[in-house]
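Only heavy atoms go into these numbers, but all of them, side chains included; no hydrogens, no water, no symmetry mates.
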Amino acid sequence: MYGYSVILVILTIILSFLIIRRTDVQTTILRASGTLYQIRDKDQTVSNLYTAEMVNKTGKAIEFEIIPDDKNARIQYIQKSNMIAYGSSVKVTFFVIMPLKAIKEYKSKISFKLFCKGKTVDRFETTFIAPSNN
């Protein structure tokens with residue numbers, strides 16, 4: 001009987017911890033398959049194509065904005081949405097554009113914040129591929 005009580009308490013603590021740590025939005029980001037990078041000679045930048053899927057785990061619709069952590073990076077949307085309905089998901093397709101002079105290595109990590117009502121609700125990262133300036 002004491003053993004079952006201990007197991008029940010441990011399982012309750014684990015469940016509570018997982019519920020507290022749960023984020024409002026889960027984001028998955030993937031580079032477009034089959035693409036490497038695109039050099040834009042006109043403005044001396046390089047871009048990578050990404051698809052991000054956001055899943056709303058709250059009980060209401062959420063307005064969001066994706067912001068790159070790198071101040072040199074900017075986002076150009078191909079398929080844009082800034083709202084996730086209650087209990088659903090949305091896919092967004094976009095280019096991340098960086099100046100060629102800011103690229104230091106062939107593969108580098110790039111991270112993003114997902115903002116909702118002025119606060120960060122999720123963080124995610126991926127790989128940015130570009131020719132290095134070394």
Side-chain angles (χ1 to χ4, degrees):
M1 185 134 124
Y2 292 117
Y4 287 122
S5 298
V6 169
I7 291 173
L8 182 62
V9 168
I10 290 171
L11 290 176
T12 304
I13 290 171
I14 291 172
L15 179 64
S16 300
F17 175 73
L18 292 175
I19 289 174
I20 290 170
R21 258 191 78 220
R22 181 177 164 211
T23 60
D24 289 345
V25 179
Q26 178 184 357
T27 307
T28 305
I29 186 167
L30 300 170
R31 288 186 70 254
S33 61
T35 61
L36 194 56
Y37 56 80
Q38 297 174 355
I39 297 177
R40 300 174 178 205
D41 291 327
K42 185 175 80 171
D43 55 357
Q44 293 298 304
T45 58
V46 63
S47 64
N48 283 209
L49 181 61
Y50 297 96
T51 301
E53 181 176 15
M54 282 75 65
V55 178
N56 184 352
K57 297 186 203 174
T58 67
K60 60 185 184 283
I62 293 179
E63 279 191 59
F64 68 91
E65 180 181 7
I66 300 172
I67 299 176
D69 284 337
D70 189 334
K71 66 182 185 320
N72 293 316
R74 67 182 170 90
I75 294 177
Q76 178 184 8
Y77 289 96
I78 293 173
Q79 179 185 0
K80 184 178 183 183
S81 176
N82 63 346
M83 178 74 74
I84 310 171
Y86 158 69
S88 69
S89 65
V90 68
K91 286 188 180 183
V92 179
T93 305
F94 58 91
F95 284 103
V96 173
I97 303 168
M98 300 267 289
L100 274 170
K101 62 184 177 192
I103 307 299
K104 301 295 182 223
E105 52 190 333
Y106 177 70
K107 278 187 175 184
S108 57
K109 293 283 184 195
I110 184 165
S111 56
F112 302 89
K113 294 178 212 162
L114 189 71
F115 272 128
C116 175
K117 295 182 182 176
K119 73 175 195 174
T120 303
V121 293
D122 197 14
R123 291 182 168 275
F124 50 99
E125 68 177 29
T126 188
T127 305
F128 188 85
I129 297 177
S132 65
N133 280 331
N134 293 336

Visitor: Determine, using the 4.5 Å side-chain heavy-atom cutoff (strictly less than), whether I84 and F124 are members of one ILVMFWY cluster.
Guide: yes

Visitor: Just do the side chain to side chain contact (heavy atoms under 4.5 Å, CB included) check on K57 and Q26 with the steps written out, would you?
Guide: CA-CA 8 Å; K57 297 186 203 174; Q26 178 184 357; 3.6 Å; yes

Visitor: Output all residues satisfying side chain to side chain contact (heavy atoms under 4.5 Å, CB included) with I78, sequence neighbours left out; order by chain, then residue number.
Guide: L49, T93, F95

Visitor: Within this structure, what is the CE-CZ distance for the pair M98 and F128, rounded to the nearest 0.5 Å?
Guide: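 Result: 5.5 Å between the selected atoms.
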
Visitor: Among the clusters formed by ILVMFWY side chains lying less than 4.5 Å apart, do I103 and L36 turn up in the same one?
Guide: yes

Visitor: Can you name the residues that form a side-chain hydrogen bond (donor to acceptor under 3.5 Å, both in side chains) with S89, not counting sequence neighbours?
Guide: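 By the side-chain hydrogen bond (donor to acceptor under 3.5 Å, both in side chains) rule, S89 matches E53.
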
Visitor: Hey, could you give me the CD1/CZ distance between I97 and R74, rounded to the nearest 0.5 Å?
Guide: 4.0 Å

Visitor: Within the 4.5 Å heavy-atom criterion, are V96 and P68 side-chain neighbours or not?
Guide: no

Visitor: How long is the gap from CZ on R31 to OH on Y50, to the nearest 0.5 Å?
Guide: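 One finds 5.5 Å between CZ of R31 and OH of Y50.
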
Visitor: When clusters are formed by joining ILVMFWY residues with side-chain heavy atoms under 4.5 Å apart, either directly or through shared neighbours, do Y77 and V25 land in the same one?
Guide: yes

Visitor: Who else is in the cluster with L15 when I, L, V, M, F, W and Y are joined by side-chain contacts under 4.5 Å?
Guide: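 Same cluster as L15: I19.
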
Visitor: Going by the rule side-chain hydrogen bond (donor to acceptor under 3.5 Å, both in side chains), which residues pair with Q76 if we only count those two or more places apart in sequence or in a different chain?
Guide: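 Q76 satisfies side-chain hydrogen bond (donor to acceptor under 3.5 Å, both in side chains) with R40 once adjacent residues are dropped.
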
Visitor: Could you report the tightest heavy-atom contact between S81 and F64, atom names first, then the distance?
Guide: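 Heavy atoms of S81 and F64 come nearest at O-CZ, 3.0 Å.
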
Visitor: Quick one: list whatever passes side chain to side chain contact (heavy atoms under 4.5 Å, CB included) with A85, sequence neighbours left out.
Guide: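 Result, side chain to side chain contact (heavy atoms under 4.5 Å, CB included) vs A85: S88.
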
Visitor: I'd like to check the salt bridge (Lys or Arg N to Asp or Glu O under 4.0 Å) partners of D41; sequence neighbours left out, ordered by chain and number.
Guide: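 Checked D41 against salt bridge (Lys or Arg N to Asp or Glu O under 4.0 Å); zero matches.
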
Visitor: Does S16 have any side chain to side chain contact (heavy atoms under 4.5 Å, CB included) partners at least two apart in sequence or in another chain, and if so, which?
Guide: T12

Visitor: What distance separates I29 CD1 from I66 CD1, expressed to the nearest 0.5 Å?
Guide: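 I29 atom CD1 to I66 atom CD1 measures 6.5 Å (nearest 0.5 Å).
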
Visitor: Taking only residues two or more places apart in sequence, or in another chain, which ones meet N56 in a side-chain hydrogen bond (donor to acceptor under 3.5 Å, both in side chains)?
Guide: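 Partners of N56 by the side-chain hydrogen bond (donor to acceptor under 3.5 Å, both in side chains) criterion, ordered by chain and then number, come out as T58.
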
Visitor: Checking the side chain of N48 only, and the main-chain atoms of I129 only, is there a donor and an acceptor separated by less than 3.5 Å?
Guide: yes

Visitor: So which pairs with a foot in residues 75-84 pass salt bridge (Lys or Arg N to Asp or Glu O under 4.0 Å), sequence neighbours left out?
Guide: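 Every pair satisfying salt bridge (Lys or Arg N to Asp or Glu O under 4.0 Å) with a residue in residues 75-84: there are none.
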
Visitor: Looking at residues at least two apart in the chain, or sitting in another chain, which of them share a side-chain hydrogen bond (donor to acceptor under 3.5 Å, both in side chains) with T45?
Guide: D43

Visitor: Rounded to the nearest 0.5 Å, how far apart are CG of N72 and NZ of K101?
Guide: 8.0 Å

Visitor: Looking at Y37 and A130, what are the two nearest heavy atoms and their distance?
Guide: CD2-CA, 3.9 Å

Visitor: Mind checking what makes side chain to side chain contact (heavy atoms under 4.5 Å, CB included) contact with I14, not counting sequence neighbours?
Guide: I10, L18

Visitor: Donor-acceptor pairs under 3.5 Å, side chain of residues 106-122 to any protein atom, not counting sequence neighbours: which ones?
Guide:
unit_1: S111; atom_1: OG; unit_2: D69; atom_2: OD2; d: 2.7
unit_1: D122; atom_1: OD2; unit_2: T27; atom_2: N; d: 2.9
unit_1: D122; atom_1: OD2; unit_2: T27; atom_2: OG1; d: 2.9

